Amino acid sequence: MTFQKLENTIGTNILKLEGTMQGNSSSDFDIQYNPSRRTKFLLMGLLLVLNIIIRIPSIPHEKGYDSFFIHNLANSLTIFGSAKWWISWLSVFGFYPDSYSSAVPFTLSGMSQVMGIEMEKTILLFCIIIGIFGICTIYVFAERIYNSFQFKYIMSLFFSLAPGLMLFTTWEVSTRGQFIVFFPLFLYILLKEEFKFKKYILLPTCLIFIFSTHHYAFFLVPISIIYISLKAIQNVKPELFKMSYLNYILLVFFLIALTCPFFTGLFISSGSRYTWILNAIITNIRQTGPLVLFIPGGLAYLFLKKKTFEGMFMCLTITVLAPIFYSQIYGPFVLILISIFIISIAFNNLLKLMITHKNKLLTIGIVAIILLFVSFSSFYNHYRTGSSDSFWYMQESTYASGTWAKNHIPENARGLDTGMETSRFFAISEAHPITTSEDILNLVYGWTNESDIVSVKNSPLSLQYYFEGPYSKGGSSFSGQMEWIKYAGTGNNLKNFDYFIQDKYQYKPIVDKVQIESSLIYDSPRISVWKIPKQ
């Protein structure tokens with residue numbers, strides 16, 4: 001079969017072209033596709049298979065560092081049967097010092113206990129499930145904007161395979177990953193008009209759940225206000241949606257919101273503003289993919305075309321979230337959904353051109369763009385470049401060391417460690433021994449007490465209130481005291497510990513003291529375990 005015949009077959013048999021309008025948002029498309037139900041199932045099935053295959057790990061063990069922190073929290077729930085960091089109702093949401101958002105650790109602990117598998121394998125399964133669930137949430141959200149299978153499928157493809165989402169849905173658990181997946185579900189419920197009574201139940205339930213997942217949930221508050229305000233305007237003065245200069249007014253507000261941090265320094269914490277913007281662009285490309293080149297065209301089309309209620313809502317939502325682009329830590333992950341939405345609009349228009357003109361070069365270009373996107377996501381999902389290449393996942397020797405410790409070191413033994421790799425060891429050993437770690441884990445595993453916590457109230461007018469919570473921790477940090485002991489390396493600093501866990505890749509002066517006074521009981525290429533004698 002020639003390429004031209006194949007192209008015609010795709011255009012006529014797989015994606016049947018219709019000039020009729022479809023759905024309540026059909027005015028946004030002059031050309032729509034209505035493939036058969038069998039073709040829809042086939043395409044969605046292939047997307048599902050692709051998402052599973054691309055998430056099959058090419059590394060032997062869990063990756064990341066925050067992942068092992070959550071791993072340890074989930075372990076503590078299984079070990080103690082309760083959340084030791086819940087010292088206030090705000091602790092459920094991570095809004096109190098030495099606490100953390102609880103949804104993901106509870107889910108992992110429950111899955112591990114119900115299925116009877118170790119936490120590392122539970123995290124792998126959880127990540128795959130969350131990644132697949134993202135296909136569903138983005139699909140239903142896209143339906144609320146443009147009721148076109150073509151558009152919904154494009155968004156499902158680009159969103160589910162976005163590098164930033166795949167980062168946290170391929171054997172690296174993060175509360176950010178679950179937020180990214182549930183964000184479109186919240187927008188779907190918010191925009192859904194057909195079930196008003198259910199909406200009043202589902203919307204607050206979803207909002208509370210997302211707040212228990214990550215502090216990003218604060219971004220849902222202004223979005224909800226936008227929706228309520230638009231509904232009020234629609235009921236009182238619907239003619240405002242038909243203002244002749246409305247599109248230009250919205251575009252001006254967007255440009256102001258986008259450029260405001262450049263002049264005010266909002267989210268720019270250090271260095272040159274120009275360097276900061278360049279780094280922000282690179283970071284967003286890294287997490288969204290090379291298709292960010294479609295964003296200017298998608299923005300122009302969205303803001304300048306005739307507005308529906310959904311289109312107006314998305315324009316205002318994009319405007320409100322535009323300043324977060326400058327935050328290199330939070331921005332790329334909050335904006336993944338928004339970026340993919342804008343990219344999908346532009347890419348959908350490109351597909352319409354391909355079908356309308358049946359241009360062979362354009363068809364090849366579109367296929368190449370999709371392959372480039374998938375290849376980019378796959379590469380950064382399975383490989384690392386630069387200095388992180390050798391430590392972005394847990395080494396086999398660390399896993400073997402943690403397994404040995406779990407079977408040979410008694411419960412409630414106390415340990416001192418030296419590096420980030422030992423936090424991975426701590427997760428695999430399931431607190432055999434209990435080593436010092438982040439302040440939250442120190443509270444959970446008994447190094448500190450509730451009475452040691454000093455809370456400082458943050459102002460609602462400060463960024464710290466929304467990114468860290470209504471309260472910050474004051475006073476001295478126990479983890480800081482432990483770091484001083486590791487670097488001091490002198491005196492009677494080891495009397496409160498039973499074991500010393502050494503990361504051979506990270507030297508600290510305390511190692512010299514341990515090697516003189518303690519006995520080596522386990523050794524591996526990366527981790528050594530020393531028994532500290534009682535004094």
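As the structure is a computational prediction, the values presented were derived from the model and not from experiment. For the single chain, residues carry numbers from 1 onward in sequence order. Note that these values count all heavy atoms, side chains included, but never hydrogens, waters or copies made by symmetry.
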Closest approach of A74 and M119, non-hydrogen atoms and distance? CB-CE, 3.7 Å

Indicate yes or no: does E62 engage K121 in a salt bridge with an N to O separation below 4.0 Å. no

If we ignore hydrogens and angles and just use 3.5 Å, is the side chain of K307 paired with the main-chain N or O of C315 as donor and acceptor? no

Is the closest side-chain donor-acceptor distance between T122 and E118 under 3.5 Å? no

From M354 CE over to L350 CG, what is the distance, rounded to the nearest 0.5 angstrom? 8.5 Å

Gap between atom OG1 of T259 and atom CD1 of I277 - 0.5 Å precision: 9.5 Å

Keeping the roles fixed (side chain from W276, backbone from Y326), state whether a donor-acceptor pair exists under 3.5 Å. yes

Tell me if the aromatic rings of F254 and F303 count as close, with their centers under 6.0 Å from one another. yes

Test item: N381 side-chain N/O and P163 main-chain N/O as donor-acceptor pair under 3.5 Å: no

Under the side chain to side chain contact (heavy atoms under 4.5 Å, CB included) rule, what do R144 and L187 come out as? Steps first, then yes or no, please. CA-CA 9 Å; R144 301 313 306 160; L187 294 181; over 6 Å; no

Do side-chain atoms of R55 reach the backbone of W171 as a donor and acceptor pair under 3.5 angstrom? no

Go through it in stages, so that I can follow the logic: the residues are I369 and F294, the test is side chain to side chain contact (heavy atoms under 4.5 Å, CB included), and I'd like the CA-CA distance, side-chain angles, deciding distance and then a yes or no. CA-CA 11 Å; I369 289 171; F294 283 89; 3.7 Å; yes

Using the ring pair (Phe, Tyr, Trp, His ring centres under 6.0 Å) rule, take Y139 and Y188 through it: C-alpha gap first, then chi angles, then the decisive distance, then the call. CA-CA 9 Å; Y139 187 90; Y188 164 74; over 10 Å; no

On a heavy-atom basis, which atom in S423 and which in N72 lie closest, and how many Å separate them? O-ND2, 3.6 Å

Under 3.5 Å, is there a donor-acceptor pair between the side chain of S327 and the main chain of I324? no

Just by modelled atom types, is the V92 backbone N or O under 3.5 Å from a matching donor or acceptor in the S102 side chain? yes

Under 6.0 Å between ring centres: does that hold for F183 and F179? yes

Do S160 and I138 have side chains that approach each other closer than 4.5 Å (heavy atoms only, starting at C-beta)? no

Any donor-acceptor pair under 3.5 Å linking the side chain of K63 with the backbone of L167? yes

H215/Y330 aromatic ring centres below 6.0 Å: no

Candidates I52, I132, I135 - the one meeting side-chain contact (heavy atoms from CB on, under 4.5 Å) with L47: I135

So, for F141 and P184, which heavy atoms are closest and what is the spacing to 0.1 Å? CB-O, 3.5 Å

Taking it one step at a time, do F133 and F182 satisfy ring pair (Phe, Tyr, Trp, His ring centres under 6.0 Å)? CA-CA 9 Å; F133 186 62; F182 276 84; 5.3 Å; yes

Can you find a heavy atom in the side chain of M314 that is under 4.5 Å from one in the side chain of I338? yes

Would you say that P332 contacts F325 through its side chain, given a criterion of any heavy-atom pair below 4.5 Å between the two side chains? no

Under 3.5 Å, is there a donor-acceptor pair between the side chain of T137 and the main chain of G134? yes

Is a donor from one side chain sitting under 3.5 angstrom from an acceptor on the other, for T39 and S36? yes

Please check if the side chain of S91 supplies one atom and the backbone of G94 the other of a donor-acceptor pair under 3.5 Å. no

State, with a plain yes or no, whether a side-chain heavy atom of M394 is found less than 4.5 Å away from one of F68. yes

Does a side chain donor of either D66 or S174 reach within less than 3.5 Å of an acceptor in the other side chain? no

Step by step, would you call K192 with E143 a salt bridge (Lys or Arg N to Asp or Glu O under 4.0 Å)? CA-CA 10 Å; K192 185 75 172 178; E143 182 180 7; 6.0 Å; no

Distance, nearest 0.5 Å, that separates CD1 of I123 from OG1 of T107: 12.0 Å

F168 ring center near F333 ring center (under 6.0 Å): yes

N458 CG to S472 OG distance, which is reported to the nearest 0.5 Å: 3.5 Å

Kindly compute the distance separating CD1 (I201) from SG (C206), expressed to the nearest 0.5 Å. 14.0 Å

Quick check for you: to the nearest 0.5 Å, what is the distance between Y227 atom OH and L230 atom CG? 9.5 Å

May I have the step-by-step check of side chain to side chain contact (heavy atoms under 4.5 Å, CB included) for K152 and M155, ending in yes or no? CA-CA 5 Å; K152 292 183 288 187; M155 277 209 72; 6.0 Å; no

Can you list the steps and then say if H61 with E120 is a side chain to side chain donor-acceptor pair (under 3.5 Å)? CA-CA 8 Å; H61 293 289; E120 188 186 34; 3.1 Å; yes

Check the pair F93, W85 against ring pair (Phe, Tyr, Trp, His ring centres under 6.0 Å), reporting the backbone distance first and the verdict last. CA-CA 11 Å; F93 308 99; W85 67 92; over 10 Å; no

Side-chain heavy atoms of K199 within contact of E193, under 4.5 Å: yes

Give a yes or no on whether Y248 atom OH has more than 12 heavy-atom contacts from other residues, nucleotides or ligands under 6.0 Å away. no

With a 4.5 Å cut-off on side-chain heavy atoms, are S101 and T213 touching? no

Show your reasoning for whether ring pair (Phe, Tyr, Trp, His ring centres under 6.0 Å) applies to F376 and Y380. CA-CA 6 Å; F376 183 92; Y380 281 104; 5.0 Å; yes

Please confirm whether Y100 and F69 have ring centers closer than 6.0 angstrom. yes

For the residue pair S109 / T78, report whether a side-chain donor-acceptor contact shorter than 3.5 Å exists. yes

Please report the closest heavy-atom contact between I295 and I342, naming both atoms and the distance. O-CG2, 3.4 Å

Partner of F347 by ring pair (Phe, Tyr, Trp, His ring centres under 6.0 Å), out of Y301, F158, Y153, F373: F158

For L250 and T319: C-alpha separation, side-chain torsions, deciding distance, then whether side chain to side chain contact (heavy atoms under 4.5 Å, CB included) applies. CA-CA 8 Å; L250 290 174; T319 300; 5.9 Å; no

For A280, is there any backbone N or O sitting under 3.5 Å from a side-chain donor or acceptor partner on N284? yes

Heavy-atom closest pair, residues G298 and I345: O-CG2, 4.3 Å

Heavy-atom closest contact (I249 atom, M243 atom, distance): CD1-CE, 4.0 Å

So do the side chains of V173 and Q178 get within less than 4.5 Å of each other, counting heavy atoms only? no

Decide yes or no for L293 and I343: does some side-chain heavy atom of the first lie under 4.5 Å from some side-chain heavy atom of the second? no

With a cut-off of under 6.0 Å to the ring centre and 45° to the axis, is R176 in cation-pi contact with Y216? no

